[in-house]
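First comes the structure, then the notes that go with it.
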Amino acid sequence: MSKKHSTDSGIIIQSHYDKPADTLSDAGQFPFTRGIHESMYRDRLWTMRQYAGFSTAEESNKRYKYLLANGVMGLSVAFDLPTQIGYDSDHELAEGEVGKVGVAIDSIEDMEILFDGINLEEISTSMTINASGYILLALYIALAKKQGADIKKISGTIQNDILKEYAARGTYIYPPKASMKIITDIFEYCSKEVPKWNTISISGYHIREAGSTAVQELAFTLANGKAYVEAAQKKGLDINVFGKRLSFFFNAHNNFFEEIAKFRAARSMWAKMMKQLGATDEKAMQLRFHTQTGGSTLTAQQPKNNITRVTLQALAAVLGGTQSLHTNGYDEALSLPTEEAARIALRTQQIIGFESGVSSAVDPLGGSYFIEALTKELEDKAFELIDKIDQMGGAVSAIEKGFMQEEIARSSYAYQKAVENKEQIIVGVNDFIIDEPKYEGVFKIDDSIRKIQSDKLQKLRANRNQAAVDSSIKKIQQAAQADENIMPHVIEAVEHKATLGEIANALREIYGEFNG
């Protein structure tokens, strides 16, 4: 009897596949399974991003300039944990975390240093920030205005996806309903004032990193997306307008064909869901997405093996039709990436884009019996999960009931058990092991960063107009209490040099904190 084969989601793989019954629509046509653009990469490659941010704004600025000089087409900013959860660097809870997993940003002055010498009207910037995303967006807009940019021309994305924080990651501040209100405020403000800005990047990435399967990543991400759309519609926003500014953020793991099929299924599913929710403009039905290669797939053992993993994952994302891509450094299981690792990660994308030939054909694997069958099976199974979530009252209710969290935990446990039993082989970890010396190339962040940031904050507070700060903070609180849009007041506050922590705390006083 032959051995059974299956994908990471447990979908059984047949030895042979027959021609699918359904006829494929072309790329650029509903439901966009084959891609959202008719010519895909033939005319323009995906945006090659590298995720970077560490230490102080000065150090991160140096890395951004290095990446731009090496051919990066868009920046992707990582923020440290205190910034992500709304604490200034001198807050007692920030100790030991300042500048560690991203850059520390406390004020407009840090933002000016972070983008020194970088024209915000000419570069697309993605910011991985959620609970405090409204503050970082305000800082970015304030800086663009200070540079003399037309804010109607600036482009980029804030992640701004708080639902996946409750389900999988944990960097939330406010309760779910208050967070949803802030998010729809951002939708409303940007649709009028910053029309090229992608106001949310609905993230499956962290859901997958927490241990979900590809099916769960699809279902939970799109269910969260549906919740954001419905919240915006309740606020009276036009789905055909804000729908065009929604973007998604997916993970790329090692199961090559399943990942390609997942991206194709995601486009088809979202188009059908948006149509059902009332969208009539096809551009509002199109799922645009960024991909990052799988951080949790990287191994500290034999770290250079990760170059091969990242290459396979990046190729899957490209064959699946991603709009932008970030490739991880081979050393990221050990530390933040060194310059060498970041360069190799970028070169991996460039080799795929310029040397492999895969960008010459639109959806090169479209029509493959195997890929089409897998795409359909992933879509069917993900819709089954979304139906369960709908029966619970939607994504917010499913999260409040712990459904998504429990499903992810169950999958994570099953995967770890398979690794320990050697049912799932991880090269260099549970098989093909070698004796290897301690890796010496680790990139370390000095704990003195906190003092540097604290000294900056002390000077900032001593030299600003405190009355203007207090007045702008009060306006934010009044707008929150009156259920008005807070964004114009947050922008005013950062322009007066209010700090990230002060603004986050102002809304903590109104909304409280979520303790999960």
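No experiment lies behind these values; they were computed from the predicted model shown.
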Task: Rounded distance (nearest 0.5 Å) linking atom CG of Asp8 with atom CG of Asn254 - done: 8.0 Å
- [ ] Decide if atom NZ of Lys177 counts as having more than 12 heavy atoms of other residues, nucleotides or ligands within a radius under 6.0 Å.
- [x] no
Task: Tyr17, OH atom: more than 12 neighbouring heavy atoms under 6.0 Å - done: yes
Open item on the list: Apply side-chain contact (heavy atoms from CB on, under 4.5 Å) to residues Ile399 and Asn224 and explain how you reach the verdict.
Closed with: CA-CA 10 Å; Ile399 288 164; Asn224 287 348; 4.0 Å; yes
Task: Donor-acceptor pair, side chain of Asn240 and main chain of Ala279, under 3.5 angstrom - done: no
- [ ] Count the heavy atoms of every other residue, nucleotide or ligand shown that sit under 6.0 Å from OH of Tyr413, and state whether that count exceeds 12.
- [x] no
- [ ] Could you verify whether a donor N or O on one side chain and an acceptor N or O on the other, from Ser411 and Gln216, lie under 3.5 Å apart?
- [x] yes
Open item on the list: How about NZ on Lys376, more than 12 heavy atoms from neighbouring residues, nucleotides or ligands closer than 6.0 Å, or not?
Closed with: no
Open item on the list: Side chains of Thr83 and Asp80: any donor to acceptor distance under 3.5 Å?
Closed with: yes
- [ ] On the 0 to 90° scale, with breaks at 30° and 60°, tag the Phe263-Phe289 ring pair as parallel, tilted or perpendicular.
- [x] parallel
- [ ] State, without any angle test, whether Tyr172 and Ser179 hold a side-chain donor-acceptor pair at a distance under 3.5 Å.
- [x] no
- [ ] Would you check, one step at a time, whether the test side-chain contact (heavy atoms from CB on, under 4.5 Å) holds for Ile389 with Met404?
- [x] CA-CA 9 Å; Ile389 291 164; Met404 290 190 194; 4.0 Å; yes
Task: Test: Asp331 and Lys304 ion pair at under 4.0 Å - done: no
Open item on the list: Tell me the closest heavy-atom pair linking Ser247 and Asn198, and the distance in Å.
Closed with: OG-CB, 4.0 Å
Open item on the list: A quick test of your reading: do over 12 heavy atoms of other residues, nucleotides or ligands sit less than 6.0 Å from CD of Gln276?
Closed with: no
Task: Short side-chain to backbone donor-acceptor contact, Arg49 and Leu75, under 3.5 Å - done: yes
TODO: To the nearest 0.5 Å, tell me how far Ile129 CD1 sits from Tyr134 OH.
DONE: 10.5 Å
Task: Gln159 side-chain N/O to Thr157 backbone N/O, donor-acceptor pair under 3.5 Å - done: no
TODO: Spell out, as yes or no, whether a donor-acceptor pair under 3.5 Å connects the side chain of Glu332 to the backbone of Gly329.
DONE: yes
Open item on the list: To the nearest 0.5 Å, what is the distance between OH on Tyr174 and CZ on Phe514?
Closed with: 14.5 Å
Open item on the list: Quick check on side-chain contact (heavy atoms from CB on, under 4.5 Å): which of Ile105, Thr171, Asn130, Val101 does Phe79 satisfy it with?
Closed with: Ile105
Task: Tyr439 and Tyr330 aromatic ring geometry - parallel, tilted or perpendicular at 30°/60° bounds - done: perpendicular
Open item on the list: Quick one, Gln292 with Asn251, criterion side-chain hydrogen bond (donor to acceptor under 3.5 Å, both in side chains). Give me CA distance, side-chain angles, the key distance, then yes/no.
Closed with: CA-CA 5 Å; Gln292 182 176 340; Asn251 210 315; over 6 Å; no
Open item on the list: Quick one, Asp185 and Lys235 - any side-chain contact, counting heavy atoms below 4.5 Å?
Closed with: yes
TODO: Return yes if some donor-acceptor pair links the side-chain N/O of Thr299 with the main-chain N/O of Pro303 below 3.5 Å, else return no.
DONE: no
Open item on the list: Rounded to the nearest 0.5 Å, what separates atom CD1 in Ile123 from atom OG in Ser155?
Closed with: 8.5 Å
TODO: State plainly whether the residues Lys100 and Glu97 are in salt-bridge range, i.e. N to O under 4.0 Å.
DONE: no
Open item on the list: Tell me whether the NZ or CZ atom of Lys275 lies within the 45° cone about the ring axis of Phe30 and under 6.0 Å from its centre.
Closed with: yes
Task: Where Arg34 and Asp363 come nearest, the two heavy atoms and their spacing - done: NE-OD2, 2.7 Å
- [ ] Check whether more than 12 heavy atoms from other residues, nucleotides or ligands sit under 6.0 Å from atom CZ of Arg42, and answer yes or no.
- [x] no
TODO: Assess whether atom CG of Asp18 is packed by more than 12 heavy atoms of other residues, nucleotides or ligands within 6.0 Å.
DONE: no
Open item on the list: Any salt bridge linking Glu407 with Arg410? Criterion: basic side-chain nitrogen under 4.0 Å from a carboxylate oxygen.
Closed with: yes
TODO: Decide side-chain hydrogen bond (donor to acceptor under 3.5 Å, both in side chains) for Tyr41 and Ser360; before the verdict, give the C-alpha distance in whole Å, the side-chain angles of both, and the deciding distance to 0.1 Å.
DONE: CA-CA 7 Å; Tyr41 307 132; Ser360 297; over 6 Å; no
Open item on the list: Is it the case that the side chains of Ser324 and Thr47 hold a donor-acceptor pair, with the cut-off being a distance below 3.5 Å and no angle test?
Closed with: no
- [ ] Give a yes or no answer on whether the side chain of Thr184 reaches the backbone of Ala232 with a donor-acceptor pair at less than 3.5 Å.
- [x] no
Open item on the list: If the threshold is 4.0 Å, N to carboxylate O, is there a salt bridge linking Lys262 and Glu379?
Closed with: no
Task: Under 3.5 Å side-chain donor-acceptor pair for Asn70 and Arg347 - done: yes
- [ ] State, with a plain yes or no, whether a side-chain heavy atom of Ile426 is found less than 4.5 Å away from one of Asp431.
- [x] no
Task: Residue pair Arg208 / Glu217: nearest heavy atoms and the distance that separates them - done: NH1-OE1, 2.8 Å
Open item on the list: Restricting to non-hydrogen atoms, name the atom on Ala219 and the atom on Ala382 that form the minimum distance, rounded to 0.1 Å.
Closed with: CB-O, 3.5 Å
Task: Closest contact, heavy atoms only, Ala284 versus Ile239 - done: CB-O, 3.7 Å
- [ ] For this output row, return yes or no: ring centroids of Phe370 and Phe257 closer than 6.0 angstrom.
- [x] yes
Task: Evaluation steps, side-chain hydrogen bond (donor to acceptor under 3.5 Å, both in side chains), between Gln349 and Thr327 - done: CA-CA 7 Å; Gln349 292 200 51; Thr327 31; 3.2 Å; yes
Open item on the list: Check whether Gln313 reaches the backbone of Gly294 with its side chain - one donor and one acceptor, N or O, closer than 3.5 Å.
Closed with: yes
Open item on the list: I'd like to know if Glu372 pairs up with Lys19 as an ion pair, taking the criterion as any Lys NZ or Arg NE/NH1/NH2 lying under 4.0 Å from an Asp or Glu carboxylate oxygen.
Closed with: no
Open item on the list: Quick check against the 3.5 Å criterion: does Tyr205 have a side-chain atom that pairs as donor or acceptor with the backbone of Gly295?
Closed with: yes
Open item on the list: Less than 6.0 angstrom separating the ring centers of Trp270 and Phe248, yes or no?
Closed with: yes
Task: Check: Lys196 main-chain N/O paired with Arg245 side-chain donor or acceptor under 3.5 Å - done: yes
Task: Separation of Thr7 OG1 from Glu258 CD (nearest 0.5 Å) - done: 3.5 Å
TODO: Identify the heavy atoms of Leu24 and Gly367 that sit nearest to each other, and give their distance.
DONE: CD1-N, 3.5 Å
Task: Separation of Ile200 CD1 from Cys190 SG (nearest 0.5 Å) - done: 11.5 Å
- [ ] Please check if atom CD in Glu423 has more than 12 non-hydrogen atoms from other residues, nucleotides or ligands closer than 6.0 Å.
- [x] yes
TODO: Begin with the C-alpha distance, continue with both residues' side-chain angles, and end with the deciding distance and a verdict on side-chain hydrogen bond (donor to acceptor under 3.5 Å, both in side chains) for Thr375 and Arg264.
DONE: CA-CA 6 Å; Thr375 300; Arg264 299 172 87 252; 3.0 Å; yes
- [ ] Give a yes or no on whether the backbone of Met392 and the side-chain of Lys401 come within a donor-acceptor separation of less than 3.5 Å.
- [x] yes
TODO: List the steps, then state whether side-chain contact (heavy atoms from CB on, under 4.5 Å) holds for Ile352 with Trp46.
DONE: CA-CA 11 Å; Ile352 291 171; Trp46 61 94; 3.9 Å; yes
